[in-house]
Amino acid sequence: MAGASVRQPVPVAFEDVQAIVRFAHGKLVEARYLLVRVRDLASARRWCARAPVTNAVETSPPPERALQVGLTIDGLRAFRVGEAILSAMSSEFISGMCGSANRSLRLGDVGESAPAHWQWGVGHLSPHLIVMAYAKADIEAWLREVRGPLWDAAFETIAVLDTSNMGGVEPFGFNDGISQPAIDWQQRPAQDQTADYSPSTALGEFLLGYPNEYGRYTSRPLLDPSADAHEDLAPGQDAPDKRDLGLNGSYLVVRQLEQDVRGFWAFLNAQAGADPKIREWLGARLVGRQRDGQPLVSERAPNDFDYRGDPYGMRCPLGAHIRRSNPRSADLDQHPHGWLERLGMTLGIPTPTHGRDVVASARFHRVLRRGREYGQKITPEQALAQVPLGEGPSGLQFACLNASINRQFEFVQSAWLMSSKFGGLTGESDPLIGHRAPLSSGGDTDGFSIPEAAGLATQLRPLPLFVRVRGGAYFFLPSLRALRFVSREQGHHGSLAKETS
Ligand code: HEM
């Protein structure tokens, strides 16, 4: 269970891990995600048992097609895995992304992003399964194969999430997917607390059943062997007398985030007095990187930096998206004291000590991003042109993997991105994804400050709403063995449709 001491590292059985944990399928430029509910349980079980789910074994050449499968808590219920297993899943997974008003508030799913407006993920539009298909070309043909003859009997499709290949650039026009945690597949002992920032992150932060950054095992269902008659599951590393349903699995967070590309560039253009250079300069401050991915704090390699040399946010604003989503060096000691700090405090601008307000070390809150863009790519110039291109909505099918949704995705989203109190800032939230609505206490969340050397800060206020949530759900991404276990009949027969009618 959580907290048990760590044993000798056991090498990872890549054939049991879904490939998406290890590979982003970058060369498989076509992708489509099917969100489905179980129509007939027996057919759904057979489909799952036969699904050609791609594992994480490295092959040469790499596969030209891939398939990954995840289940929500309702999905596990629909597969009738049993109450003992359901209740041993993590509480935020059980509650679901929009399971309570409080959670929605913390995630910033309010106003136009409130679940009441979602196109999927709520009520009868809550999926049981996500079926993620990737292909180098002809995704349609791959999907036909993936669906196979059982599909129509097994599932009812409630939403299809399309993606488009924007060449590594997200719809606002910035290079994306540059900074990722580097999974420590070798399972070295947890780093020293005071170590420098490093992308290296414990395997147990992304795969259940291995030590995490605390050197502990994240809790997950550990079953009595009698509950696993076919010996589908492997023993737990930390509990050899139990069968580990979580081992080699992960939690997958999916959120459909629609981006107002025209609104984004129109706002920046107006703030810049239509000067293209200033417009670019402002955009880069919001993100923390230039559009080509160059970080504002460093001229070195695009991911080899922290913020210790920039405690006041003079180079990269403290509230920039990449600084909020991964403060890197936030609570490593930041020494500068003296006149500048005193001046900053007098003028009410953030000071180095504010950096330490971010109470937890960044390495406990990493997420492995696996998102894909959707919609038509347009340039900032096209976004500003008066003549519309007739492009439909575009955005990010945001997806990330983590062993603890609560400590990783939810913490990053609520304590760092959405919070109006971050690193000494007030009245701001994330400049890209903030919901902009005032707090219940009346405080603002729609500002953005860009500190400048003279001690003053350029204020952008009010920032318009640039991103709206259109749907979302938490999924369990089982190992291949766990998927086989879940697909098995566990002493019950019949279909959901028959039961509910
Ligand atoms: C439509 C919404 C979003 C857009 C347009 C967006 C855009 C970007 C861009 C351009 C980068 C810089 C590229 C990079 O460092 O890899 C980035 C980095 C990042 N974003 Fe987002 N993002 C969005 C939503 C989110 C959400 C919802 C989260 C998490 C809850 C998130 C977490 C991150 C993280 C962790 C990084 C890397 C920061 C670092 O390690 O330096 N983003 N994002």
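Counting starts at 1 for both ligands and their atoms, following the listed order.
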- Task: Under 4.0 Å from a heavy atom of Gln259: give me the atoms of ligand 1 that qualify, with their elements.
- Result: 1 (C), 5 (C)
- Numbering as shown, the atoms of ligand 1 that approach Ile433 to under 4.0 Å (heavy-atom distance): 2 (C), 3 (C), 24 (C), 27 (C)
- Message: I need the nearest protein heavy-atom contact for atom 37 (C) of ligand 1: residue, atom name and distance, please.
- Response: Arg369 NH2, 3.5 Å
- Return the residue, atom name and 0.1 Å-rounded distance of the protein heavy atom closest to atom 39 (C) of ligand 1. Ser179 OG, 3.2 Å
- Task: Could you tell me if any non-hydrogen atom of Gly177 lies under 4.0 Å from any atom of ligand 1?
- Result: yes
- With heavy atoms and a 4.0 Å threshold, my read on which part of Asn303 contacts ligand 1 is neither
- Taking only non-hydrogen atoms of Phe409 and a 4.0 Å limit, the atoms of ligand 1 in range are 30 (C)
- Item | Heteroatom proximity flag, His321 to ligand 1, N/O under 3.5 Å | yes
- Among non-hydrogen protein atoms, atom 32 (C) of ligand 1 lies closest to Ser325 CB, 3.7 Å
- Query: Looking just at side-chain N and O atoms, do Glu170 and Gln259 make a donor-acceptor pair shorter than 3.5 Å?
  - Reply: yes
- Query: Looking at side-chain heavy atoms only, is the closest gap between Phe466 and Phe172 below 4.5 Å?
  - Reply: yes
- Task: Just need the protein heavy atom nearest to atom 26 (C) of ligand 1, so name the residue and atom and give the distance.
- Result: Phe398 CE1, 3.5 Å
- atom 5 (C) of ligand 1: the protein heavy-atom neighbour that sits closest, reported with distance to 0.1 Å: Glu170 OE1, 3.3 Å
- Query: Of all the non-hydrogen atoms in the protein, which one sits nearest to atom 3 (C) of ligand 1, and at what distance?
  - Reply: Leu396 CD2, 3.7 Å
- Task: Run down the list Glu373, Met418, Glu410, Gln413 and name the one with the heavy atom closest to atom 30 (C) of ligand 1.
- Result: Gln413
- Query: Side chain or backbone of Arg328 under 4.0 Å from ligand 1, or both, or neither, by non-hydrogen atoms?
  - Reply: side chain
- Query: What part of Val467, side chain, backbone, both or neither, has a heavy atom within less than 4.0 angstrom of ligand 1?
  - Reply: side chain
- Among Glu30, Gln68, Lys136, whose side-chain hydrogen bond (donor to acceptor under 3.5 Å, both in side chains) with His25 holds? Gln68
- Return yes if some donor-acceptor pair links the side-chain N/O of Gln459 with the main-chain N/O of Arg461 below 3.5 Å, else return no. no
- Do Thr445 side-chain atoms and Glu428 backbone N/O form a donor-acceptor pair below 3.5 Å? no
- Which pair of heavy atoms, one from Ser429 and one from Gly434, lies closest together, and at what distance? OG-CA, 3.4 Å
- Message: If you measure every N or O of Asn326 against every N or O of ligand 1, does any of those distances drop under 3.5 Å?
- Response: yes
- Is the Trp416 ring parallel, tilted or perpendicular to the Phe411 ring (thresholds 30°, 60°)? perpendicular
- Message: Show the atoms of ligand 1 that are less than 4.0 angstrom away from any heavy atom in Phe174.
- Response: 10 (C)
- In short, Met418 meets Ile433 closest at the heavy-atom pair CE-O, 3.0 Å
- Which heavy atom of the protein is the closest neighbour of atom 15 (O) of ligand 1, given with residue, atom name and distance? Arg289 NE, 3.0 Å
- Does some side-chain heavy atom of Leu203 sit less than 4.5 Å from a side-chain heavy atom of Trp185? yes
- Picking from Arg369, Arg289, Arg328, what satisfies side-chain hydrogen bond (donor to acceptor under 3.5 Å, both in side chains) with Ser179? Arg328
- Top protein contact for atom 11 (C) of ligand 1, by heavy-atom distance: Asp176 OD1, 3.5 Å
- Query: Are the side chain of Glu258 and the backbone N or O of Val467 linked by a donor-acceptor pair below 3.5 Å?
  - Reply: no
- Report the part of Gln180 in contact with ligand 1, treating N, CA, C, O as backbone and CB onward as side chain, heavy atoms under 4.0 Å; options are side chain, backbone, both, neither. neither
- Geometric class of the Tyr251/Phe93 ring pair [parallel <30°, tilted 30-60°, perpendicular >60°]: tilted
- Against heavy atoms of Leu417, which atoms of ligand 1 measure under 4.0 Å? 28 (C), 29 (C), 30 (C)
- Query: Is the closest N or O pair between Ile178 and ligand 1 shorter than 3.5 Å?
  - Reply: yes
- Task: Could you check if a side-chain atom of Leu107 sits within less than 4.5 angstrom of a side-chain atom of Arg103, using non-hydrogen atoms only?
- Result: yes
